[in-house]
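To start, the structure under review is shown below, and the notes come after it.
For ligands, and for the atoms within them, numbers begin at 1 and follow the listed sequence. Note that this is a predicted model, so its numbers are computed, not measured.
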Amino acid sequence: AMRNHTGWDRAWAKSAPKKKYDVIIVGAGGHGLATAYYLGKNFGITNVAILEKGWLGGGNTGRNTTIIRSNYLQDPSAAIYEKSRSLYETMSQDLNYNVMFSPRGVIMLAQTQHEVRGYKRTAHANALQGVQTEWIGPERVKELCPIMNIDGPRYPVLGGLWQARGGTARHDAVAWGYARACSDMGMDIIQKCEVTGVRQENGKVIGVDTSQGPIDCDKLGMVVAGHSGVLAQMAGFRLPIESVALQALVSEPIKPCMDVVVMANTVHGYMSQSDKGEMVIGGGTDGYNNYTQRGSFHHIEETVRALVETFPMISRLKMLRQWGGIVDVTGDRSPILSKTPVEGVFVNCGWGTGGFKAIPGSGWAMAELMAKGQSPLTEEFSMFRFREGKFIDESVAAGVAH
Ligand code: FAD
Ligand code: PYC
């Protein structure tokens with residue numbers, strides 16, 4: 001019974017908006033909260049408000065399948081994703097909040113010759129970047145994940161890209177841990193506060209309009225994932241972002257049977273087992289752009305059908321629940337951490353199907369960009385790269401079919 005559980009302190013204070021802040025962050029997802037946290041921790045900027053239209057962590061941060069890895073291909077990606085992965089290793093201690101980081105290892109399966117070549121190439125690139133990954137053969141895959149059928153017949157497992165230091169973390173705890181730390185630094189987290197307008201004077205931001213009234217600021221960080229295009233429109237510019245639903249599902253809880261994360265990108269699906277015992281399963285994005293935060297039956301069918309040859313045991317599982325999140329997808333499948341055409345407005349978005357793993361690294365880099373006007377980790381991720389054709393192509397490393 002919970003009857004003795006009384007007198008608990010609030011994890012973060014309930015705040016009403018002040019008239020003005022040095023910095024306003026829109027969006028209390030992982031990226032917004034981490035940005036605020038590192039503004040305070042690394043730069044001493046604490047007169048900060050984080051405005052959230054719904055509830056904290058209720059966007060993609062609370063809806064993802066929590067895979068953490070840094071096995072990307074291009075150098076700028078390796079730098080930010082590896083920084084992020086390494087910050088996850090000490091996050092529970094840094095925040096004094098158990099985020100249940102579990103570096104259990106991630107395998108990306110190769111089930112075609114094309115993927116064998118691709119993942120060997122990634123392993124070589126990662127070696128040059130200082131990211132620890134290795135190419136492993138089918139026997140080692142089977143050893144790491146005995147429930148897998150590696151023999152096909154349609155898509156036999158030919159090997160895989162193995163990142164032993166990848167894994168998972170508790171997604172809500174990441175948001176809650178950052179929120180508590182931000183609140184402890186004196187920042188205001190204001191939920192049910194929707195930003196409805198961006199006010200500017202002479203090309204510079206001066207504040208926002210919200211469902212709780214106008215609030216002024218010197219700098220504004222837009223960190224709203226699938227609603228980035230909507231916020232950009234309020235500020236008077238366009239972003240090369242498409243918003244689309246990505247769905248996932250979990251099975252009934254079963255005994256421990258799989259202690260690694262597996263992504264099977266050809267067939268296409270990914271699976272891990274949560275600490276509660278549920279098999280956590282996801283597939284590709286919906287086939288059309290939309291703002292729908294929910295699951296759909298055909299998606300379960302498609303994803304489970306894709307995985308059943310490689311994981312025959314899932315044919316016996318009852319599926320418990322499904323959901324969706326609105327992911328913010330760029331053309332090169334890399335994020336945008338950038339200044340914008342409006343002075344004082346910064347944007348952090350485009351993490352698409354893969355930004356949970358990036359939360360601490362993104363927050364670290366975005367805080368530096370907002371505090372100093374530049375960061376070595378964000379240099380290549382400007383929104384203007386699309387105008388200049390300087391793409392950072394991570395369509396394969398994204399893993400998730402778009
Ligand atoms: P969000 O958590 O979505 O936060 C944005 C916030 O902005 C929301 O809370 C929203 O309410 C708020 N907001 C929007 N508009 C306004 C407004 N006008 N005013 C105020 N607030 C506003 N990534 C991985 O690395 N590994 C995975 O395994 C993985 N699996 C995924 C599975 C699914 C099903 C989904 C949907 C995503 C997955 N992702 C994964 C991607 C990952 O979840 C996202 O990239 C990441 O969580 C984005 O975080 P965020 O803070 O940018 O966005
Ligand atoms: O980015 O690793 C990832 C991922 C897995 C499932 C969804 N996104």
Sub-3.5 Å N/O-N/O distance, K357 and ligand 2: yes
Kindly say whether [Y] contributes a backbone atom to a donor-acceptor pair with the side chain of [X] at under 3.5 angstrom?
X	Y	result
H268	M263	no
E52	I189	no
H299	G324	no
T340	V345	yes
S84	G361	yes
N149	D151	yes
Q129	L73	yes
R63	G58	yes
R165	T133	no

Note the single closest protein heavy atom to [atom], along with its residue, its atom name and the distance in Å.
atom	value
atom 2 (O) of ligand 2	R69 NE, 2.7 Å
atom 31 (C) of ligand 1	N64 CB, 3.2 Å
atom 30 (N) of ligand 1	T65 OG1, 2.9 Å
atom 8 (N) of ligand 2	T353 O, 2.7 Å
atom 49 (O) of ligand 1	H31 CD2, 3.2 Å
atom 1 (P) of ligand 1	N60 N, 3.5 Å
atom 13 (N) of ligand 1	V224 CG1, 3.7 Å
atom 8 (C) of ligand 1	E52 OE1, 3.5 Å
atom 23 (N) of ligand 1	F356 N, 3.0 Å
atom 39 (N) of ligand 1	T353 O, 3.1 Å

For ligand 1, which is the ligand I care about here, please tell me if [X] has any N or O atom under 3.5 Å from one of the ligand's N or O atoms.
X	result
W55	no
I359	no
I326	no
A248	no
G354	yes
H227	no

I need the atoms of ligand 1 closer than 4.0 Å to a non-hydrogen atom of [X], numbered in the order shown.
X	value
K357	24 (C), 25 (O)
L51	20 (C), 21 (N)
T66	27 (C), 28 (O)
E194	18 (N), 19 (N)
G27	6 (C), 7 (O), 12 (C)
A225	3 (O), 52 (O), 53 (O)
L231	18 (N)
G29	2 (O), 4 (O), 51 (O)

Nearest heavy atom to [atom]: which of [options] does it belong to?
atom	options	answer
atom 20 (C) of ligand 1	R63, K192, K53	K53
atom 44 (C) of ligand 1	G30, A358, G355	G355
atom 19 (N) of ligand 1	L56, V106, V195	V195
atom 36 (C) of ligand 1	V198, T285, L246	L246
atom 47 (O) of ligand 1	T61, V230, I67	T61

Distance (rounded to the nearest 0.5 Å) between T330 OG1 and F381 CZ: 9.5 Å
Distance in Å, I359 CD1 paired with T61 OG1, rounded so as to fall on 0.5 Å steps: 4.5 Å
Candidate list R333, E394, E380, test side chain to side chain donor-acceptor pair (under 3.5 Å), partner S77, passing option: E394
C349 near ligand 1 by a heavy-atom separation under 4.0 Å: no
Does any part of the side chain of [Y], heavy atoms only, come nearer than 4.5 Å to the side chain of [X], both counted from C-beta?
X	Y	value
I45	M370	no
Y38	L87	yes
E115	M108	no

Run the numbers for me: atoms of ligand 2, each under 4.0 Å from some heavy atom of [X], listed by number.
X	value
T65	6 (C), 7 (C)
G354	1 (O)
I67	2 (O), 5 (C), 6 (C)

Residues R85, E82: salt bridge by 4.0 Å N-O rule: yes
R140/E143 salt bridge by N-O under 4.0 Å criterion: yes
Residues E388 and S382: side-chain donor-acceptor under 3.5 angstrom: no
Side-chain donor-acceptor pair present, Y119, N265, cut-off under 3.5 Å: yes
Please state which part of [X] comes within less than 4.0 Å of ligand 1, counting heavy atoms only: side chain, backbone, both or neither.
X	answer
I68	neither
C193	backbone
Q247	backbone

Whether over 12 other heavy atoms sit under 6.0 Å from Q93 CD: yes
Enclosure of H114 NE2 (heavy-atom neighbours >12, cutoff 6.0 Å): no
